[in-house]
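Here's the structure, in C-alpha coordinates; my notes come after.
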Number of protein chains: 2
Amino acid sequence: MAQADPLKLDSMLCFAVYAAEHAFTRFYKPRLEALELTYPQYLVFLVLWETDGITVKALGDKLFLDSGTITPLVKRLEARGLLRRERDKQDERQVRIYLTEEGRALREKALAVPLAVGKALGGDGEAAGMLRESLHRLREQLDASSDS
Amino acid sequence: MAQADPLKLDSMLCFAVYAAEHAFTRFYKPRLEALELTYPQYLVFLVLWETDGITVKALGDKLFLDSGTITPLVKRLEARGLLRRERDKQDERQVRIYLTEEGRALREKALAVPLAVGKALGGDGEAAGMLRESLHRLREQLDASSDS
DNA sequence: AACAATTCAATTGTGTGCAATAGAAATTTC
DNA sequence: GAAATTTCTATTGCACACAATTGAATTGTT
(Lines give C-alpha, C1' and ligand atoms only; values in the text may rest on other atoms or scores of the structure.)
Protein backbone atom coordinates (compact mmCIF):
# COMPACT_ATOMS: atom_id res chain seq x y z
CA MET A 1 0.00 0.00 0.00
CA ALA A 2 1.42 3.34 -1.01
CA GLN A 3 1.81 6.10 1.53
CA ALA A 4 -1.40 8.12 1.84
CA ASP A 5 0.39 11.36 2.71
CA PRO A 6 3.79 11.54 1.00
CA LEU A 7 4.90 14.35 3.33
CA LYS A 8 4.31 12.60 6.64
CA LEU A 9 7.33 13.12 8.88
CA ASP A 10 7.25 9.79 10.69
CA SER A 11 7.12 7.83 7.45
CA MET A 12 10.29 9.39 6.11
CA LEU A 13 13.53 7.49 6.00
CA CYS A 14 15.49 10.73 5.97
CA PHE A 15 14.04 11.73 9.33
CA ALA A 16 14.72 8.32 10.84
CA VAL A 17 18.37 8.73 9.85
CA TYR A 18 18.44 12.32 11.09
CA ALA A 19 16.92 11.38 14.45
CA ALA A 20 19.19 8.34 14.90
CA GLU A 21 22.24 10.48 14.20
CA HIS A 22 21.26 12.96 16.91
CA ALA A 23 20.54 10.10 19.31
CA PHE A 24 24.04 8.74 18.70
CA THR A 25 25.56 12.15 19.33
CA ARG A 26 23.63 12.47 22.59
CA PHE A 27 24.64 8.94 23.56
CA TYR A 28 28.32 9.56 22.87
CA LYS A 29 28.56 12.91 24.58
CA PRO A 30 28.81 11.70 28.20
CA ARG A 31 30.93 8.70 27.14
CA LEU A 32 33.42 10.99 25.40
CA GLU A 33 33.74 13.37 28.34
CA ALA A 34 36.55 11.29 29.83
CA LEU A 35 38.46 11.95 26.59
CA GLU A 36 37.34 15.58 26.40
CA LEU A 37 36.42 15.00 22.76
CA THR A 38 33.36 15.89 20.74
CA TYR A 39 31.96 13.20 18.49
CA PRO A 40 33.52 14.55 15.26
CA GLN A 41 36.84 14.91 17.07
CA TYR A 42 36.51 11.27 18.14
CA LEU A 43 36.01 10.31 14.49
CA VAL A 44 39.23 12.12 13.60
CA PHE A 45 41.11 10.08 16.16
CA LEU A 46 39.58 6.83 14.93
CA VAL A 47 41.14 7.62 11.57
CA LEU A 48 44.46 8.77 13.00
CA TRP A 49 44.86 5.70 15.21
CA GLU A 50 44.48 3.66 12.04
CA THR A 51 46.44 5.94 9.73
CA ASP A 52 48.89 8.28 11.38
CA GLY A 53 50.34 10.92 9.08
CA ILE A 54 47.24 11.12 6.89
CA THR A 55 46.71 14.28 4.83
CA VAL A 56 43.89 16.71 5.55
CA LYS A 57 42.37 15.83 2.19
CA ALA A 58 42.39 12.08 2.79
CA LEU A 59 40.95 12.58 6.27
CA GLY A 60 38.15 14.66 4.80
CA ASP A 61 37.44 12.00 2.19
CA LYS A 62 37.23 9.28 4.82
CA LEU A 63 34.85 11.27 7.02
CA PHE A 64 32.94 12.92 4.12
CA LEU A 65 33.85 16.37 5.40
CA ASP A 66 35.39 19.28 3.53
CA SER A 67 38.28 21.52 4.46
CA GLY A 68 35.98 24.16 5.90
CA THR A 69 35.06 21.68 8.61
CA ILE A 70 38.30 19.72 8.97
CA THR A 71 40.72 22.62 9.17
CA PRO A 72 39.34 24.35 12.28
CA LEU A 73 38.49 21.01 13.89
CA VAL A 74 42.06 19.77 13.56
CA LYS A 75 43.45 23.12 14.65
CA ARG A 76 41.59 22.90 17.93
CA LEU A 77 43.09 19.47 18.52
CA GLU A 78 46.54 20.77 17.67
CA ALA A 79 46.09 23.65 20.13
CA ARG A 80 45.47 21.04 22.82
CA GLY A 81 48.66 19.19 21.92
CA LEU A 82 46.92 16.00 20.78
CA LEU A 83 48.34 16.17 17.26
CA ARG A 84 50.73 18.09 15.04
CA ARG A 85 50.19 19.48 11.53
CA GLU A 86 53.10 19.50 9.12
CA ARG A 87 53.36 20.40 5.48
CA ASP A 88 54.45 17.52 3.25
CA LYS A 89 58.03 18.04 2.03
CA GLN A 90 57.45 16.33 -1.33
CA ASP A 91 54.14 18.11 -2.05
CA GLU A 92 53.84 21.33 -0.14
CA ARG A 93 50.16 21.73 -0.96
CA GLN A 94 49.41 18.91 1.43
CA VAL A 95 49.33 19.06 5.21
CA ARG A 96 49.89 15.84 7.10
CA ILE A 97 48.57 15.17 10.58
CA TYR A 98 50.68 13.32 13.12
CA LEU A 99 49.62 12.12 16.55
CA THR A 100 51.56 13.30 19.56
CA GLU A 101 52.32 10.91 22.39
CA GLU A 102 49.34 12.34 24.21
CA GLY A 103 47.09 11.80 21.22
CA ARG A 104 48.24 8.20 20.89
CA ALA A 105 47.64 7.64 24.60
CA LEU A 106 43.98 8.63 24.24
CA ARG A 107 43.35 5.36 22.47
CA GLU A 108 43.41 3.37 25.72
CA LYS A 109 40.60 5.40 27.24
CA ALA A 110 38.67 5.23 23.96
CA LEU A 111 38.39 1.45 24.11
CA ALA A 112 35.61 1.79 26.68
CA VAL A 113 33.40 3.66 24.22
CA PRO A 114 32.48 0.89 21.74
CA LEU A 115 31.89 -1.39 24.71
CA ALA A 116 29.24 1.00 25.98
CA VAL A 117 27.60 1.03 22.55
CA GLY A 118 27.54 -2.74 22.40
CA LYS A 119 25.97 -2.86 25.83
CA ALA A 120 23.30 -0.30 24.92
CA LEU A 121 22.31 -2.11 21.75
CA GLY A 122 22.47 -5.62 23.14
CA GLY A 123 22.43 -8.64 20.88
CA ASP A 124 25.45 -10.25 19.28
CA GLY A 125 26.11 -7.43 16.86
CA GLU A 126 24.72 -9.26 13.85
CA ALA A 127 21.66 -7.03 13.60
CA ALA A 128 23.89 -3.98 13.99
CA GLY A 129 26.12 -5.29 11.21
CA MET A 130 23.16 -5.71 8.85
CA LEU A 131 21.92 -2.24 9.66
CA ARG A 132 25.38 -0.82 9.06
CA GLU A 133 25.50 -2.42 5.62
CA SER A 134 22.04 -1.14 4.73
CA LEU A 135 23.13 2.35 5.66
CA HIS A 136 26.28 1.97 3.61
CA ARG A 137 24.22 1.04 0.54
CA LEU A 138 21.83 3.90 1.26
CA ARG A 139 24.69 6.38 1.36
CA GLU A 140 26.04 5.08 -1.93
CA GLN A 141 22.65 5.37 -3.62
CA LEU A 142 22.18 8.91 -2.35
CA ASP A 143 25.66 10.00 -3.35
CA ALA A 144 25.27 8.42 -6.78
CA SER A 145 22.06 10.38 -7.33
CA SER A 146 23.54 13.56 -5.92
CA ASP A 147 26.04 13.76 -8.74
CA SER A 148 23.41 13.57 -11.44
CA MET B 1 33.39 -13.49 14.87
CA ALA B 2 34.09 -10.57 17.13
CA GLN B 3 35.66 -7.44 15.73
CA ALA B 4 39.45 -7.64 15.81
CA ASP B 5 39.92 -3.90 16.23
CA PRO B 6 37.07 -2.40 18.25
CA LEU B 7 38.00 1.11 17.12
CA LYS B 8 37.84 0.53 13.37
CA LEU B 9 35.92 3.38 11.76
CA ASP B 10 34.30 1.42 8.96
CA SER B 11 32.94 -1.21 11.32
CA MET B 12 31.09 1.32 13.40
CA LEU B 13 27.34 1.67 13.22
CA CYS B 14 27.57 5.21 14.53
CA PHE B 15 29.68 6.27 11.58
CA ALA B 16 27.37 4.59 9.09
CA VAL B 17 24.51 6.63 10.54
CA TYR B 18 26.62 9.79 10.58
CA ALA B 19 27.68 9.35 6.96
CA ALA B 20 24.17 8.48 5.77
CA GLU B 21 22.79 11.59 7.46
CA HIS B 22 25.29 13.80 5.64
CA ALA B 23 24.50 12.04 2.36
CA PHE B 24 20.80 12.77 2.86
CA THR B 25 21.56 16.42 3.56
CA ARG B 26 23.66 16.65 0.40
CA PHE B 27 20.93 14.89 -1.57
CA TYR B 28 18.19 17.19 -0.31
CA LYS B 29 20.07 20.43 -0.76
CA PRO B 30 19.56 20.89 -4.52
CA ARG B 31 16.01 19.47 -4.29
CA LEU B 32 15.07 22.01 -1.63
CA GLU B 33 16.46 24.96 -3.56
CA ALA B 34 13.13 25.45 -5.34
CA LEU B 35 11.60 25.95 -1.88
CA GLU B 36 14.55 28.01 -0.64
CA LEU B 37 14.62 25.85 2.48
CA THR B 38 17.42 24.11 4.33
CA TYR B 39 16.82 20.55 5.40
CA PRO B 40 15.99 21.38 9.05
CA GLN B 41 13.64 24.11 7.83
CA TYR B 42 11.96 21.52 5.60
CA LEU B 43 11.45 19.29 8.65
CA VAL B 44 9.75 22.18 10.44
CA PHE B 45 7.31 22.55 7.56
CA LEU B 46 6.60 18.83 7.48
CA VAL B 47 5.43 19.19 11.07
CA LEU B 48 3.50 22.41 10.46
CA TRP B 49 1.67 21.05 7.43
CA GLU B 50 0.50 18.23 9.69
CA THR B 51 -0.05 20.29 12.85
CA ASP B 52 -0.58 24.00 12.33
CA GLY B 53 -0.49 26.07 15.52
CA ILE B 54 1.94 23.75 17.30
CA THR B 55 3.97 25.15 20.20
CA VAL B 56 7.72 25.64 20.01
CA LYS B 57 8.14 23.01 22.71
CA ALA B 58 6.05 20.37 20.92
CA LEU B 59 7.85 21.10 17.66
CA GLY B 60 11.18 20.58 19.39
CA ASP B 61 9.98 17.31 20.90
CA LYS B 62 8.88 16.01 17.51
CA LEU B 63 12.19 16.89 15.85
CA PHE B 64 14.40 16.11 18.88
CA LEU B 65 15.72 19.66 18.92
CA ASP B 66 15.92 22.12 21.80
CA SER B 67 14.91 25.76 22.00
CA GLY B 68 18.43 26.94 21.23
CA THR B 69 18.05 25.44 17.78
CA ILE B 70 14.34 25.91 17.16
CA THR B 71 14.01 29.54 18.19
CA PRO B 72 16.43 31.11 15.69
CA LEU B 73 15.40 28.64 12.99
CA VAL B 74 11.73 29.60 13.28
CA LYS B 75 12.59 33.28 13.53
CA ARG B 76 14.31 33.14 10.16
CA LEU B 77 11.20 31.59 8.63
CA GLU B 78 9.02 34.23 10.25
CA ALA B 79 11.25 36.98 8.84
CA ARG B 80 10.56 35.54 5.39
CA GLY B 81 6.81 35.64 5.97
CA LEU B 82 6.32 31.87 5.81
CA LEU B 83 4.90 31.62 9.31
CA ARG B 84 3.81 33.68 12.28
CA ARG B 85 4.69 33.27 15.98
CA GLU B 86 2.09 34.13 18.57
CA ARG B 87 2.01 33.76 22.31
CA ASP B 88 -0.73 31.46 23.59
CA LYS B 89 -3.48 33.48 25.31
CA GLN B 90 -4.27 30.75 27.84
CA ASP B 91 -0.63 30.02 28.74
CA GLU B 92 1.61 32.92 27.93
CA ARG B 93 4.76 30.87 28.44
CA GLN B 94 4.04 29.08 25.20
CA VAL B 95 4.57 30.39 21.68
CA ARG B 96 2.46 28.89 18.93
CA ILE B 97 3.50 28.77 15.30
CA TYR B 98 0.98 29.40 12.54
CA LEU B 99 1.52 29.03 8.81
CA THR B 100 0.87 32.01 6.58
CA GLU B 101 -0.82 31.56 3.23
CA GLU B 102 2.63 31.59 1.65
CA GLY B 103 3.86 28.91 4.04
CA ARG B 104 0.87 26.72 3.28
CA ALA B 105 1.42 27.20 -0.45
CA LEU B 106 4.95 25.78 -0.19
CA ARG B 107 3.44 22.34 0.30
CA GLU B 108 2.61 21.98 -3.39
CA LYS B 109 6.22 22.44 -4.42
CA ALA B 110 7.37 20.13 -1.63
CA LEU B 111 5.48 17.17 -3.07
CA ALA B 112 8.22 16.72 -5.66
CA VAL B 113 10.84 16.06 -2.99
CA PRO B 114 9.78 12.62 -1.68
CA LEU B 115 9.29 11.56 -5.30
CA ALA B 116 12.95 12.31 -5.97
CA VAL B 117 13.95 10.26 -2.94
CA GLY B 118 11.85 7.32 -4.07
CA LYS B 119 13.43 7.50 -7.50
CA ALA B 120 16.97 7.63 -6.07
CA LEU B 121 16.43 4.64 -3.81
CA GLY B 122 14.49 2.54 -6.30
CA GLY B 123 12.54 -0.53 -5.19
CA ASP B 124 9.00 -0.57 -3.91
CA GLY B 125 9.81 1.15 -0.64
CA GLU B 126 9.61 -2.02 1.43
CA ALA B 127 13.34 -2.17 2.10
CA ALA B 128 13.27 1.52 2.99
CA GLY B 129 10.41 0.87 5.38
CA MET B 130 12.32 -1.90 7.14
CA LEU B 131 15.39 0.29 7.40
CA ARG B 132 13.30 3.10 8.82
CA GLU B 133 11.93 0.80 11.52
CA SER B 134 15.40 -0.49 12.40
CA LEU B 135 16.58 3.09 12.82
CA HIS B 136 13.56 3.88 14.94
CA ARG B 137 14.39 1.01 17.29
CA LEU B 138 18.03 2.05 17.34
CA ARG B 139 17.09 5.57 18.36
CA GLU B 140 14.89 4.25 21.16
CA GLN B 141 17.66 2.00 22.48
CA LEU B 142 20.17 4.83 22.43
CA ASP B 143 17.82 7.29 24.09
CA ALA B 144 16.86 4.73 26.73
CA SER B 145 20.55 4.22 27.57
CA SER B 146 21.27 7.92 27.48
CA ASP B 147 19.00 8.53 30.43
CA SER B 148 20.75 5.99 32.61
C1' DA C 1 -2.93 34.27 49.62
C1' DA C 2 2.25 33.43 49.69
C1' DC C 3 6.07 31.03 48.47
C1' DA C 4 8.57 27.33 46.11
C1' DA C 5 9.12 24.52 42.29
C1' DT C 6 8.32 23.75 37.51
C1' DT C 7 7.67 24.92 32.68
C1' DC C 8 8.70 27.39 28.62
C1' DA C 9 11.03 30.47 25.24
C1' DA C 10 14.91 33.03 24.46
C1' DT C 11 19.90 34.09 24.74
C1' DT C 12 24.94 33.23 24.93
C1' DG C 13 28.88 30.62 23.84
C1' DT C 14 31.24 26.83 21.56
C1' DG C 15 31.63 23.55 17.91
C1' DT C 16 30.42 21.56 13.75
C1' DG C 17 29.08 21.67 8.55
C1' DC C 18 28.99 23.48 3.82
C1' DA C 19 29.28 27.02 -0.17
C1' DA C 20 32.19 30.12 -2.12
C1' DT C 21 36.45 32.06 -2.56
C1' DA C 22 41.48 32.86 -2.32
C1' DG C 23 46.14 31.69 -2.92
C1' DA C 24 50.02 28.66 -3.17
C1' DA C 25 51.90 24.55 -5.30
C1' DA C 26 51.92 20.87 -8.62
C1' DT C 27 50.58 18.99 -13.10
C1' DT C 28 49.20 19.20 -17.85
C1' DT C 29 49.30 21.13 -22.29
C1' DC C 30 51.27 23.16 -25.88
C1' DG D 1 59.73 25.70 -20.43
C1' DA D 2 55.85 29.03 -20.15
C1' DA D 3 50.92 29.19 -19.60
C1' DA D 4 46.62 27.12 -18.38
C1' DT D 5 44.51 23.89 -15.47
C1' DT D 6 44.06 21.29 -11.45
C1' DT D 7 44.87 20.18 -6.59
C1' DC D 8 45.02 21.33 -1.92
C1' DT D 9 44.57 24.06 2.44
C1' DA D 10 42.74 27.91 4.57
C1' DT D 11 39.27 31.59 5.26
C1' DT D 12 34.71 33.85 5.40
C1' DG D 13 29.89 33.79 5.97
C1' DC D 14 25.74 31.53 7.15
C1' DA D 15 22.97 27.89 9.37
C1' DC D 16 22.39 24.33 12.53
C1' DA D 17 22.96 21.95 17.30
C1' DC D 18 23.43 21.66 22.23
C1' DA D 19 24.80 23.15 27.19
C1' DA D 20 23.98 26.48 30.39
C1' DT D 21 21.57 30.32 31.91
C1' DT D 22 17.91 33.89 32.34
C1' DG D 23 13.40 35.59 33.04
C1' DA D 24 8.56 35.34 32.66
C1' DA D 25 4.46 32.57 33.51
C1' DT D 26 2.15 28.77 35.65
C1' DT D 27 1.39 25.19 39.03
C1' DG D 28 1.85 23.06 43.53
C1' DT D 29 2.08 23.41 48.53
C1' DT D 30 0.85 24.90 52.72
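Worth saying up front: this structure is predicted, and the values here are computed from it rather than measured.
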In whole angstroms, how far is the [atom2] atom of [N] from the [atom1] atom of [X]?
{"X": "A/L59", "N": "D/dT9", "atom1": "CG", "atom2": "P", "answer": "10 Å"}
{"X": "A/L65", "N": "C/dC18", "atom1": "CG", "atom2": "C1'", "answer": "10 Å"}
{"X": "A/L73", "N": "C/dT14", "atom1": "CG", "atom2": "C1'", "answer": "12 Å"}
{"X": "B/F27", "N": "C/dC18", "atom1": "CZ", "atom2": "P", "answer": "17 Å"}
{"X": "B/L63", "N": "D/dC18", "atom1": "CG", "atom2": "C1'", "answer": "15 Å"}
{"X": "A/K75", "N": "C/dG15", "atom1": "NZ", "atom2": "C1'", "answer": "15 Å"}
{"X": "B/D88", "N": "D/dA24", "atom1": "CG", "atom2": "C1'", "answer": "15 Å"}
{"X": "A/I54", "N": "D/dT9", "atom1": "CD1", "atom2": "P", "answer": "10 Å"}

- Query: Are the side chains of B/I97 and B/V47 in touch, meaning some heavy atoms are under 4.5 Å apart?
  - Reply: no
At under 4.0 Å between heavy atoms, what does [X] touch on the DNA or RNA strands: base, sugar-phosphate, or nothing?
{"X": "A/I70", "answer": "nothing"}
{"X": "A/R85", "answer": "sugar-phosphate"}
{"X": "A/S67", "answer": "base"}
{"X": "B/T25", "answer": "nothing"}

Side chain of [X], heavy atoms from C-beta onward: which of [options] has the nearest atom to it?
{"X": "A/T71", "options": "D/dT11, C/dA26, D/dA15", "answer": "D/dT11"}
{"X": "B/T69", "options": "D/dA17, C/dA10, D/dA19", "answer": "D/dA17"}
{"X": "B/R87", "options": "D/dA17, C/dT16, C/dA9", "answer": "C/dA9"}
{"X": "B/H22", "options": "C/dG17, C/dA26, D/dT9", "answer": "C/dG17"}
{"X": "A/T55", "options": "D/dT9, C/dC8, D/dC18", "answer": "D/dT9"}
{"X": "B/Q94", "options": "C/dA9, C/dG15, C/dA10", "answer": "C/dA9"}

Quick check on [N]: is either OP1 or OP2 less than 4.0 Å from any side-chain nitrogen or oxygen of [X]?
{"X": "B/K29", "N": "C/dA19", "answer": "no"}
{"X": "A/K89", "N": "C/dA26", "answer": "no"}
{"X": "A/Q41", "N": "C/dT16", "answer": "yes"}
{"X": "B/R76", "N": "D/dC14", "answer": "no"}
{"X": "B/Y18", "N": "C/dG17", "answer": "yes"}

- Between A/E92 and A/T38, which is nearer to the 5' end of DNA chain C once each is assigned its nearest nucleotide? A/T38
- Message: Go nucleotide by nucleotide along DNA chain C from the 5' end; which of B/R26 and B/K57 gets its closest nucleotide reached first?
- Response: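 The answer here is B/K57.
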- Item | Residue pairs involving residues 103-119 of chain B (criterion side chain to side chain donor-acceptor pair (under 3.5 Å); sequence neighbours excluded) |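 For residues 103-119 of chain B: A/D5-B/R107, B/E101-B/R104.
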- By side chain to side chain contact (heavy atoms under 4.5 Å, CB included) - contacts of B/V117 (at least two apart): B/F24, B/F27, B/Y28, B/L121
- Of B/Q90 and B/D66, the one whose closest DNA chain D nucleotide lies more 5':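 Per heavy-atom nearest nucleotide, the more 5' residue is B/D66.
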- Without swapping roles, check the side chain of A/T69 against the backbone of A/L65 for a donor-acceptor pair under 3.5 Å.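 No.
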Regarding [X] and [Y], does a basic nitrogen lie under 4.0 Å from an acidic carboxylate oxygen?
{"X": "B/R87", "Y": "B/E92", "answer": "no"}
{"X": "B/D10", "Y": "B/K8", "answer": "no"}
{"X": "A/E33", "Y": "A/R31", "answer": "no"}

- Indicate, yes or no, whether a donor-acceptor pair under 3.5 Å links the base of C/dT7 to the side chain of B/R93. yes
